[in-house]
Amino acid sequence: MVNPPKQACTELVSLALREDLGIGDLTSELTIPPGVTRTGRFIAKAPGVICGWALVEEVFRQLNPGIFLNIYHPDGSLVGPGDLLAVVSGPVKDLLSGERVALNFLQHLSGVATCTRHLVELVADFPHVRVVDTRKTIPGLRLFQKYAVRVGGGYNHRFNLADAILIKDNHIAACGGIKPAVEKVRAMVPHTMKIEVEVETEEQVREALAAKADIIMLDNMAPELMAEMVRLINGQAIVEASGNVSPENIRAIAASGVDIISAGMITHSAPALDISLKISQE
């Protein structure tokens, strides 16, 4: 898994530090004498999948390049409560100034990776199925959330609107139907680009098949109806399931025979993984 670009890390961390520091860490400046150095220990307080060290490293690098971070559980590691994840050493003022920003990134991205891993494990006995993310991400964090999905064992859907063609309900309504929408797109895009169409009914599935869509997204269908539509499509297109995917229903969706399950919850609703940073007293 390739980390997000260095420049993206630099820009995001710079923005986060400006937001959190304001004119400076007043509490640390007023309570801690100059030159005091300490060691901090990142400790897992819940089971999960770790993700986000590139951002943690960048936080401390921007605050003080002399800070040393020794990582024991890199991205993708499965950890349990009490596990020592990493040790960070340097001027205590700088450690405290970066503590919250570093933990915010590490906890959130580890939460996304953990949530993804849970869904992937639930459908592990359906090897034909891929669990993928969506564009339902926190603005500014998409590259990193999608990286966390990959760390958790999932796959990525399109990164932005220029990545792929996905004709959704509002496009269909504005264009006057699936057939004219697909025809307009096919006349303009290169032969290398697939065309995906979102459908909600059997009638729309038949329209998408007649238009020779490459991917058909079954939106908010019950698993029983999905299974019928998979039989109807019969390999003529890749079949994606989307809409209200959860740990409670993902196995039933996978059993319907779809190829892809896209789940917005793994980015927009993943709970943060509980991690602490404890600074030594001496």
Which donor-acceptor pairs under 3.5 Å do the side chains of residues 210-224 make with protein atoms, sequence neighbours left out?
from: D214; atom 1: OD2; to: I195; atom 2: N; distance (Å): 2.8
from: N220; atom 1: OD1; to: N244; atom 2: ND2; distance (Å): 2.8

From CD1 (I261) to CD1 (I253), nearest 0.5 Å: 5.5 Å
When clusters are formed by joining ILVMFWY residues with side-chain heavy atoms under 4.5 Å apart, either directly or through shared neighbours, do L225 and V197 land in the same one? yes
Residues 117-127 vs side chain to side chain donor-acceptor pair (under 3.5 Å), sequence neighbours excluded, gives D125-R251
Distance col, row L21:CG vs E19:CD, nearest 0.5 angstrom, shows 10.5 Å
Main chain of I138, side chain of Q145: is a donor-acceptor contact present, judged purely on distance under 3.5 Å? yes
Residues in side-chain hydrogen bond (donor to acceptor under 3.5 Å, both in side chains) contact with D163, at least two apart in sequence or another chain: none
dist L143:CG -> F159:CZ (nearest 0.5 Å) comes out at 6.5 Å
Begin with the C-alpha distance, continue with both residues' side-chain angles, and end with the deciding distance and a verdict on side chain to side chain contact (heavy atoms under 4.5 Å, CB included) for M229 and M226. CA-CA 5 Å; M229 295 305 98; M226 284 184 190; 5.7 Å; no
Minimal heavy-atom distance between V13 and V59, with the atoms involved, is CG1-CA, 3.6 Å
Quick one, L96 and I32 - any side-chain contact, counting heavy atoms below 4.5 Å? yes
Assess whether side chain to side chain contact (heavy atoms under 4.5 Å, CB included) is satisfied between V131 and V245, documenting all intermediate values. CA-CA 10 Å; V131 176; V245 175; over 6 Å; no
Would you say the side-chain atoms of R135 pair up with the backbone N or O of R158, donor to acceptor, closer than 3.5 Å? no
Minimal non-hydrogen separation, V112 against A148, with atom names: CG1-CB, 3.7 Å
Name the atoms and distances for all side-chain donor-acceptor pairs under 3.5 Å in residues 76-84, with sequence neighbours left out.
from: S77; atom 1: OG; to: P74; atom 2: O; distance (Å): 2.7
from: D83; atom 1: OD2; to: G80; atom 2: N; distance (Å): 2.8

Could you walk me through whether E248 and S246 pass the side chain to side chain donor-acceptor pair (under 3.5 Å) test, one step at a time? CA-CA 5 Å; E248 290 71 33; S246 70; 3.2 Å; yes
Report whether I250 and F126 are members of the same hydrophobic cluster (ILVMFWY, side-chain heavy atoms less than 4.5 Å apart, transitive linking). yes
S97 side-chain N/O to K93 backbone N/O, donor-acceptor pair under 3.5 Å: yes
side-chain hydrogen bond (donor to acceptor under 3.5 Å, both in side chains) partners for D20, two or more places apart: none
Any non-hydrogen side-chain atom of I279 less than 4.5 Å from a side-chain atom of L277? yes
Of all pairs that satisfy side chain to side chain donor-acceptor pair (under 3.5 Å), the ones with a partner from residues 260-276, not counting sequence neighbours: E240-S262, S242-S262
Does N3 reach the side chain of Y147, with side-chain heavy atoms less than 4.5 Å apart? yes
Sequence neighbours excluded and cut-off under 3.5 Å, please list the side-chain donor-acceptor pairs for residues 231-238, or say none.
from: Q236; atom 1: NE2; to: I233; atom 2: O; distance (Å): 3.0

Verify the neighbour count for atom CZ of R142: are there more than 12 heavy atoms of other residues, nucleotides or ligands below 6.0 Å? yes
F42: partners by ring pair (Phe, Tyr, Trp, His ring centres under 6.0 Å), with sequence neighbours left out: W53
Taking the side chain as C-beta and beyond, is there a heavy-atom pair between H108 and N104 under 4.5 Å? no
Hey, quick one: are I172 and V205 part of the same hydrophobic cluster, counting side-chain heavy atoms closer than 4.5 Å, chains of contacts allowed? yes
Give me each pair satisfying side chain to side chain donor-acceptor pair (under 3.5 Å) with a member in residues 30-49, each pair once, sequence neighbours excluded. T39-S89
Hey, are the side chains of C115 and V49 touching, using non-hydrogen atoms and a 4.5 Å cut-off? no
Closest non-hydrogen atoms of A113 and C51, given as atom of the first, atom of the second and distance, are CB-CB, 4.0 Å
K278 NZ: over 12 foreign heavy atoms closer than 6.0 Å: no
Atom CG of L85 and atom CD1 of I275: how far apart are they, to the nearest 0.5 Å? 5.5 Å
Between NZ on residue K146 and OH on residue Y155, distance to nearest 0.5 Å: 14.5 Å
Might you point out which heavy atoms bring T134 and G264 nearest each other, and give the distance in Å? OG1-CA, 3.5 Å
Honestly curious: do V149 and V151 fall in one hydrophobic cluster under the side-chain, below-4.5 Å linking rule? no
Where do S28 and D25 come nearest, in terms of heavy atoms and distance? OG-OD2, 2.5 Å
For Q281, check side-chain hydrogen bond (donor to acceptor under 3.5 Å, both in side chains) against everything at least two apart and list the hits. none
Is it true that V132 and L122 fall in one hydrophobic cluster, defined by side-chain heavy atoms closer than 4.5 Å? no
Could I get the full list of side-chain hydrogen bond (donor to acceptor under 3.5 Å, both in side chains) partners for R206, not counting sequence neighbours? E202
How long is the span from the CD atom in Q107 to the CD1 atom in I50, to the nearest 0.5 Å? 9.5 Å
Between D169 and E198, is any pair of side-chain heavy atoms under 4.5 Å apart? yes
Pairs touching residues 176-195 that satisfy side chain to side chain donor-acceptor pair (under 3.5 Å), sequence neighbours left out: K179-E183
Distance-minimising heavy-atom pair for L119 and A263: CD1-CB, 3.9 Å
